[in-house]
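If you read the sequence from its start, that first residue is 1, and numbering goes on from there. None of the values given here were measured: they were computed from a predicted structure.
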Amino acid sequence: MKRADLLDRLRQTPRWDVLVIGGGATGLGCAVDAASRGYSTLLLEAHDFAKGTSSRSTKLVHGGVRYLAQGRIGLVHEALAERAILLANAPHLVHPQRFVVPLYRQWDRLQLGVGLAAYDWLAGTHSLGASRPLSVDETRRALPGVREDGLVGGIAYMDARFDDARLAITLMRTVLDLGGLALNRLPVTGLRHEGRHIVGVDAQDAESGEAFALSARVVVNAAGVWADAIRRLDDPTSTAQLNPSQGVHIVLDRDFLPGNAALLVPRTDDGRVLFIIPWQGKLLLGTTDTPRPDIPLEPRPLDGEVDFILSTAARYLRRKPKRSDIRSQFAGLRPLIGGSGNTSSLSREHVIQVAPSGLVSVAGGKWTTYRRMGEEIIDQAAAVAGLPARPCRTRSLILHGSPASPSEDVFGTDRAAADALPGAGRRLHPALSLSEAEVRFAAREEQARDVEDVLARRHRALFMDATAAIETAPAVATILAEELGWDAKRTREMTEAFHRLAEGFR
């Protein structure tokens, strides 16, 4: 999958049925859906697949317990149905996860029990197991490391966890498997009009500077938190639809909460929930909800957000985490719809808008419902373009690399191909599972173009242990230099650029 070959195909295709802007969860879901229906499909990503929000989630495929408390029954029901589809279609990336809510007041047992019973009921035939009350001893065993002072029991329920960035890479490869084309490092610089109607886009290869004038029967704006900027390329008078919110996560060593269960804090001081989830051999804690007036490509956690997570976790863990215990910290921006002020009250549901020009834009949404969003958006886009009506196929579409049975190996059926490359089994750092062969595979088959692509999204080192990622960067750069033809100067520049980025994660 050489970039030169992908660009050749781009040059040789005079017109696309569907052109998608944005390589996050929503854009990739649209591209998979369109390509699976047999429409000629092109996806353009300005940076890297899941570079923004889509690699910075809480790693949950879930109905959303807090949305149930807010009365968003339809959103919860739809998300639980989509959870079942993802578990079936990507069993190497999505896995059932047991959650336990430790209780320190008897009243909470009744209140949460009723809510989780409703959660079970909404899951229906898609249930992963009924919620149930736990005694004090059962809660201690399920959550070794939980604060025991005042503990009166717990409640256990089931949901699912996943690897967000790896799912994005899997979707990109699924687009290619289906005959579509997806390219990173190709930002859209303008929209092409004939009269008042959009007929394509202008784009530029960020690596070579080559400009492309691309034709399409319909253009889908799935640029996430940057969707308003694309809408303004079409109509400079467009009003903003999105009110971004920043969510922060921190990562700790697993020994703060050994065991396989995740811990849910049902209500934090700001009215949200807090998750403490076993992930990649570490613990992921989050998240916050802070209004963000700007939209930086690389948002940073605020000191107050990190302190909030640490102080909240300290109320529930026997060993209180400190800043010095943080292995990685990161922020993502949610594309919340409308409103102002308290972003925690804004909607995660999505809105599809068709402009007079024919531009199809989507705002809002979340990973769990990405497939359903893609289905609805392509239904709309096909109607706008006058494409032949074809049914959605993604409900039962097995994604690239999916094995016949559940697996914890994110490579799935690609494992043999990855391990056939030089350096299989040669780990690049004692704290990481990343091998030399996996770096080569990322460059050859997964469109990794720099050190960050490998250490942040093809492998999750940057999000698990920023210091280990920094220490591994020179070795990764050396391997990429062999694979991508870098000279010594570029190899050094790529290593230094990653170091500067990673400093913000620790």
Side-chain angles (χ1 to χ4, degrees), residues 57-66 68-69 76 80 83-84 87 94-123 126-163 249-268 272-287 309-321 325 327 368 406 408 464:
S57 74
T58 312
K59 322 305 177 201
L60 296 180
V61 175
H62 63 144
V65 173
R66 82 179 183 97
L68 185 63
V76 174
L80 289 171
R83 182 186 69 183
L87 282 162
V94 186
H95 305 280
Q97 175 65 55
R98 188 188 193 210
F99 285 79
V100 173
V101 185
L103 303 176
Y104 296 90
R105 298 184 307 175
Q106 291 293 351
W107 167 249
D108 291 336
R109 184 187 299 277
L110 175 62
Q111 188 177 36
L112 288 168
V114 170
L116 288 172
Y119 200 62
D120 294 341
W121 178 76
L122 285 170
H126 305 307
S127 173
L128 300 178
S131 59
R132 72 179 190 89
L134 302 178
S135 68
V136 172
D137 285 342
E138 288 175 320
T139 304
R140 287 173 181 154
R141 288 196 296 271
L143 297 174
V146 73
R147 179 174 67 86
E148 297 182 11
D149 180 35
L151 187 68
V152 298
I155 297 179
Y157 74 99
M158 295 297 297
D159 240 320
R161 60 178 164 80
F162 79 129
D163 187 327
H249 296 83
I250 67 172
V251 175
L252 304 174
D253 285 332
R254 188 70 170 271
D255 56 9
F256 279 90
L257 191 71
N260 297 320
L263 187 156
L264 169 67
V265 176
R267 187 174 181 83
T268 62
R272 292 180 56 81
V273 299
L274 184 85
F275 295 101
I276 305 178
I277 304 166
W279 183 70
Q280 302 273 347
K282 303 288 186 180
L283 284 178
L284 180 71
L285 289 74
T287 182
I309 294 174
L310 289 171
S311 63
T312 302
R315 300 177 193 173
Y316 291 84
L317 298 177
R318 186 164 58 240
R319 178 181 161 208
K320 300 183 185 305
D325 295 314
R327 297 301 183 192
T368 301
E408 292 284 348
M464 293 158 43

[X] [atom1] to [Y] [atom2] distance, which is reported to the nearest 0.5 Å:
X    : Y    : atom1 : atom2 : result
I309 : I250 : CD1   : CD1   : 5.5 Å
L274 : L264 : CG    : CG    : 8.5 Å
D137 : E148 : CG    : CD    : 9.0 Å
I155 : R132 : CD1   : CZ    : 11.5 Å
L284 : K59  : CG    : NZ    : 6.5 Å
L317 : L263 : CG    : CG    : 6.5 Å

Step-by-step side-chain hydrogen bond (donor to acceptor under 3.5 Å, both in side chains) determination, S131 to D120
CA-CA 7 Å; S131 59; D120 294 341; 2.7 Å; yes
If you compare all heavy atoms of [X] against all heavy atoms of [Y], which two are closest, and at what distance to 0.1 Å?
X    : Y    : result
L116 : V65  : CD2-CG2, 4.4 Å
L151 : P102 : CD1-CB, 3.9 Å
N260 : P278 : O-CG, 3.6 Å
G281 : R254 : O-CB, 3.5 Å
G64  : V76  : O-CG2, 3.7 Å
G63  : Y119 : N-OH, 2.9 Å

Contacts of type ring pair (Phe, Tyr, Trp, His ring centres under 6.0 Å), residue Y316, not counting sequence neighbours
Y104
Go through S57 and F162 one step at a time and tell me if the side chain to side chain contact (heavy atoms under 4.5 Å, CB included) criterion holds.
CA-CA 10 Å; S57 74; F162 79 129; 3.9 Å; yes
Give the C-alpha distance, both sets of side-chain angles, the deciding distance and a yes or no for side chain to side chain contact (heavy atoms under 4.5 Å, CB included) between I277 and L283.
CA-CA 5 Å; I277 304 166; L283 284 178; over 6 Å; no
Flag side-chain contact, heavy atom, 4.5 Å: [X] against [Y]:
X    : Y    : value
V273 : V265 : no
L60  : D159 : no
L134 : V100 : yes
P133 : R109 : yes
K282 : D253 : yes
R161 : T58  : no

Check whether [X] reaches the backbone of [Y] with its side chain - one donor and one acceptor, N or O, closer than 3.5 Å.
X    : Y    : value
R147 : D149 : yes
T287 : H249 : no
T139 : S135 : yes

Polar contact flag, side-chain donor to acceptor under 3.5 angstrom, D163-Q280:
yes
Plane angle bin for Y157 and F99 - parallel if under 30°, tilted between 30 and 60°, otherwise perpendicular:
parallel
R319/D255 ion pair, N-O < 4.0 Å
yes
Of all residues at least two apart in sequence or in a different chain, which pass the side chain to side chain contact (heavy atoms under 4.5 Å, CB included) check with A314?
K320, P321
